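Notes for the one structure printed next.
Side chains are part of it too, since the values below use all heavy atoms of this structure and drop only hydrogens, waters and symmetry mates. Here is the naming used below: chain letters follow the sequence lines, and residue numbers restart at 1 for every chain. As the structure is a computational prediction, the values presented were derived from the model and not from experiment.
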Amino acid sequence: MTSAEKDLYPIGTVEKKTGLSARQIRYYESMGLVNPVRTNGGQRRYTENDVLRLIRIKQMRDSGFDLKSIKEKIQVFEQKLEEISLPSVNPAQVKLSSLYPVSNRAVLMKLLEKK
DNA sequence: CTTCTCACA
DNA sequence: TGTGAGGA
């Protein structure tokens, strides 16, 4: 019923949706900025959240930030997200393979306006 | 045709 | 970062 992130896109689709080149997308992955899942054949599959994250990265980059700053930004961000996500998730289904759940967006916003 | 990795002009 | 090679 509550479908958060079900669709996965191949890198070609992500290129169009983000405006980034496949080269950049793969490079950012090597830098630990995104963690797409792989298919049996080894192809990357990105979630909607991955796309959103890449768009944020593109904007930060265009705004003059270097990848190092962006990476640190995301790490702090992810750290806070874990703090508010883990307590509200059943230990049985804790598979943090992807990004933050949309269901915590409200909590996310509060957290952001506080800092 | 699309994607993947690796390496280099 | 781009691009070409060589595979899957």
Between C:dG7 (C1') and A:Gln43 (CD): distance, integer Å: 12 Å
Tell me the partner of C:dA8, counting only Watson-Crick (N1-N3 plus N6-O4 or O6-N4) or G-U wobble (N1-O2 and O6-N3) with both under 3.5 Å; none if nothing fits. B:dT2
Atom-pair distance (CD1 on A:Ile57; P on C:dT1), nearest Å: 11 Å
Ring-face cation of A:Lys17 near A:Tyr9 (centre distance under 6.0 Å, axis angle within 45°): yes
In whole Å, what is the span from the CD1 atom of A:Ile25 to the C1' atom of B:dT3? 12 Å
Rounded to the nearest Å, what distance is computed from the CD atom of residue A:Glu15 to the P atom of nucleotide B:dC4? 9 Å
Roughly, in whole Å, what's the span from OH in A:Tyr28 to C1' in C:dG2? 13 Å
B:dC4, OP1 or OP2 - any side-chain N/O from A:Tyr27 closer than 4.0 Å? no
Once you apply a heavy-atom cut-off of 4.0 Å, does A:Gly41 come out as touching a base, just sugar-phosphate, or nothing? nothing
Complementary nucleotide for C:dG2 - Watson-Crick or wobble, under 3.5 Å: B:dC8
Does the side chain of A:Asp7 reach to within under 4.5 Å of the side chain of A:Thr47, using non-hydrogen atoms? no
Apply the test side chain to side chain donor-acceptor pair (under 3.5 Å) to residues A:Glu72 and A:Ser69: give CA-CA distance (whole Å), side-chain angles for both, the deciding distance (0.1 Å), then the verdict. CA-CA 5 Å; A:Glu72 296 176 352; A:Ser69 300; 5.4 Å; no
Can you hop from A:Met60 to A:Val76 via hydrophobic side chains spaced under 4.5 Å? no
Pair A:Glu29 + A:Arg38, salt bridge at N-O below 4.0 Å: yes
Do the side-chain N or O atoms of A:Arg26 get closer than 4.0 angstrom to the phosphate oxygens (OP1, OP2) of B:dC4? yes
Please state how far atom CZ in A:Arg23 lies from atom C1' in B:dT2, giving the value in whole angstrom units. 18 Å
Would you mind telling me which of B:dT3, B:dC4, B:dC8 lies closest to the side-chain atoms of A:Arg38? B:dC4
Taking only N and O in the side chain of A:Gln24, is any of them less than 4.0 Å away from OP1 or OP2 of C:dT1? yes
Does a nitrogen or oxygen in the side chain of A:Arg45 sit under 4.0 Å from OP1 or OP2 of B:dT2? no
